[in-house]
There are 2 protein chains.
Amino acid sequence: MSLRYALISLLRVGPLSGYDLQKQFQVSVGHLWHAPDSQIYPELRKMEGEGLVVGEDQARGERGTRRVYHLTEEGEAAYTRWMQDPLPYARVREPANLKAAYLEAATSDAARAFLADHIRHWRGELEQWEAELVRIDARENPMLQRRLAVTDPRDHDRTVAFKRFGYEGLVARARAEIAWGEQGQALLDSLYGPEDAHSAS
Amino acid sequence: MSLRYALISLLRVGPLSGYDLQKQFQVSVGHLWHAPDSQIYPELRKMEGEGLVVGEDQARGERGTRRVYHLTEEGEAAYTRWMQDPLPYARVREPANLKAAYLEAATSDAARAFLADHIRHWRGELEQWEAELVRIDARENPMLQRRLAVTDPRDHDRTVAFKRFGYEGLVARARAEIAWGEQGQALLDSLYGPEDAHSAS
DNA sequence: AGTATCATGTAAACTGTTACATGATTCG
DNA sequence: CGAATCATGTAACAGTTTACATGATACT
């Protein structure tokens, strides 16, 4: 359900082809709401069916075409409604915490591998988001530049501040996950001994 | 995919009827992996089809029956495999952060309502999980007691420690979400003024 | 001529949500 | 005898993932 609003977020700065949209998606709003291209094309068609966007076929070379999507007033209205309405919160469903709570059923090696993997995963995410924060501050992200180009200059700081805010939440999340993983490693050290099967070679 | 392992986590301490399982689920592992009862019954049937559990129909009164599920060796093996294998990590998909990043499209009132709601939601979750931590420490959660009853006393502390660890991660998560929401409120104050439409009555 | 990248999807399977549906038993 | 709770689902829909599938154009 959020995918369409992520797509509208991009289309609000101007028309884009499905392909461009998909590419821009990966490097901007896709950090906040991941979606593969195979989901984006059908969703655009569906949104077109509901009147939120209109697609315009453009010739490309001799035979090729590309479909450029424009946001309609109805699409803009749907976006505004989404912004004004409360977000429905889903109950938590965390595989990592589920597994962690029953880790006595794993070998200590598997437990260590699980935590190392958890930390590795979130460090990777953290890196992405921090890099994005740097690009936001420098205002060098291409979609952000296009957005600022169609925004009243008095609102530039606010626009940048909200983008920053969105990513700061994810950065905090990643840091919390990493800290939790490290806390788990300390717990394993205390339960099984610090070197546990990795000392002797 | 995690639902079945959440269910096996409970069945590992002994057989349970679908109904009991569902009830125990809500107050224990359901905090880590939410699922409605309408999902639990079909999943049990599916697991039975795959040989992970066997269901035994028991008479109840004159006409009623209840189906008691036992974990099979195959089910136990599937659980062990899940414990040993690395968890697949899904890319992030956070509606709240998505919305936050584009909050310049909302009115300041809607933005404030969104943050208040976010904080309210996570405070509620936090309360649940902290209460669960207290019950874990007191070892008074019924499923935990049943688990300890079938566990070697030398492993009791470890079992409790991992349960605690699982919930601590969620508590940290909730605290991070609340802190982020408050940071957002401060941001709104700085952008729109601290009292903004809520001062005069 | 070959490679990168532009360009767009379909199909099947899986997972999860919501609403609806029904009836039995136990306790006061 | 009425209410709580025991007991078990189905149906329809929404959302997501994965694998497959194809071909055009631009650049070197």
Side-chain angles (χ1 to χ4, degrees), chain A residues 1-7 15-27 29-30 32-50 52-53 55-69 78 82 87-95 98, chain B residues 1-7 15-27 29-30 32-50 52-53 55-69 82 87-95 98 142:
Chain A
M1 195 56 338
S2 292
L3 173 57
R4 60 177 50 192
Y5 302 108
L7 292 171
L16 280 168
S17 73
Y19 185 77
D20 285 341
L21 196 44
Q22 178 251 110
K23 283 292 160 197
Q24 291 309 316
F25 191 93
Q26 314 291 347
V27 298
V29 71
L32 302 160
W33 186 272
H34 168 77
D37 26 326
S38 66
Q39 207 188 347
I40 291 175
Y41 290 111
E43 182 66 21
L44 284 168
R45 288 286 182 174
K46 208 172 141 208
M47 288 163 74
E48 191 174 11
E50 294 176 38
L52 305 181
V53 299
E56 171 203 0
D57 275 319
Q58 288 187 348
R60 172 169 171 272
E62 287 302 312
R63 255 183 301 279
T65 60
R66 47 190 237 132
R67 199 165 176 76
V68 175
Y69 288 95
W82 180 68
L87 264 191
Y89 280 86
R91 301 296 307 278
V92 154
R93 209 170 251 161
E94 292 292 344
L98 173 61
Chain B
M1 192 62 332
S2 293
L3 174 56
R4 61 176 50 193
Y5 302 109
L7 292 171
L16 280 169
S17 71
Y19 185 78
D20 285 341
L21 195 44
Q22 178 251 109
K23 283 292 160 196
Q24 292 308 317
F25 192 93
Q26 314 290 348
V27 297
V29 72
L32 303 159
W33 187 270
H34 168 76
D37 26 325
S38 66
Q39 207 188 344
I40 291 176
Y41 290 111
E43 182 66 22
L44 284 168
R45 287 287 183 174
K46 207 172 143 207
M47 289 164 73
E48 190 173 12
E50 294 175 38
L52 305 182
V53 299
E56 171 202 358
D57 274 320
Q58 287 187 349
R60 170 169 172 275
E62 287 301 311
R63 256 182 300 279
T65 62
R66 48 191 236 133
R67 199 166 177 77
V68 175
Y69 288 95
W82 179 68
L87 265 192
Y89 280 87
R91 302 296 309 279
V92 155
R93 209 171 253 161
E94 294 292 345
L98 173 61

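It should be emphasised that the depicted structure is a prediction, and the values quoted were computed from it without experimental measurement. Chain identifiers are assigned alphabetically (A, B, ...) following the order of the sequence lines, protein sequences preceding nucleic acid strands; residue numbering begins at 1 within each chain.
Once you apply a 4.0 Å limit to the heavy atoms of chain A, the touched nucleotides of DNA chain D run 5' to 3' over D:dG15 to D:dT25.
Atom CD in A:Q26 sits roughly 15 Å away from atom P in C:dT5 (whole-Å rounding). At whole-Å resolution of the value, CZ in A:R91 and P in C:dT17 are 11 Å apart. What separates CD of A:Q24 from P of C:dC6 is a distance of 11 Å, to the nearest Å.
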Please list every donor-acceptor pair under 3.5 Å in which a side-chain atom of residues 40-47 of chain B meets a protein atom from a residue at least two apart or in another chain.
| unit_1 | atom_1 | unit_2 | atom_2 | d |
| --- | --- | --- | --- | --- |
| B:E43 | OE2 | B:R4 | NE | 3.1 |
| B:E43 | OE2 | B:R4 | NH2 | 3.3 |

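In this structure, B:D37 and A:K46 both approach DNA chain D, and ranking their closest nucleotides by distance from the 5' end singles out B:D37. Nearest-nucleotide mapping onto DNA chain D: of A:W33 and B:D20, the residue sitting toward the 5' end is B:D20.
The two residues B:E48 and B:G55 have their closest heavy-atom pair at OE2-N, 3.1 Å.
The shortest distance between side-chain heavy atoms of B:L32 and A:V92 does not fall below 4.5 Å. The side-chain heavy atoms of A:D37 and A:F25, taken from C-beta on, include no pair separated by under 4.5 Å.
With hydrogens and angles disregarded, a donor-acceptor distance shorter than 3.5 Å links the side chain of A:R93 to the backbone of B:H34.
In this structure, A:R66 does not pair ionically with A:D57, as no charged nitrogen and carboxylate oxygen lie closer than 4.0 Å.
Backbone-only engagement by B:R93 is indicated by non-hydrogen atom pairs under 4.0 Å involving sugar-phosphate atoms exclusively.
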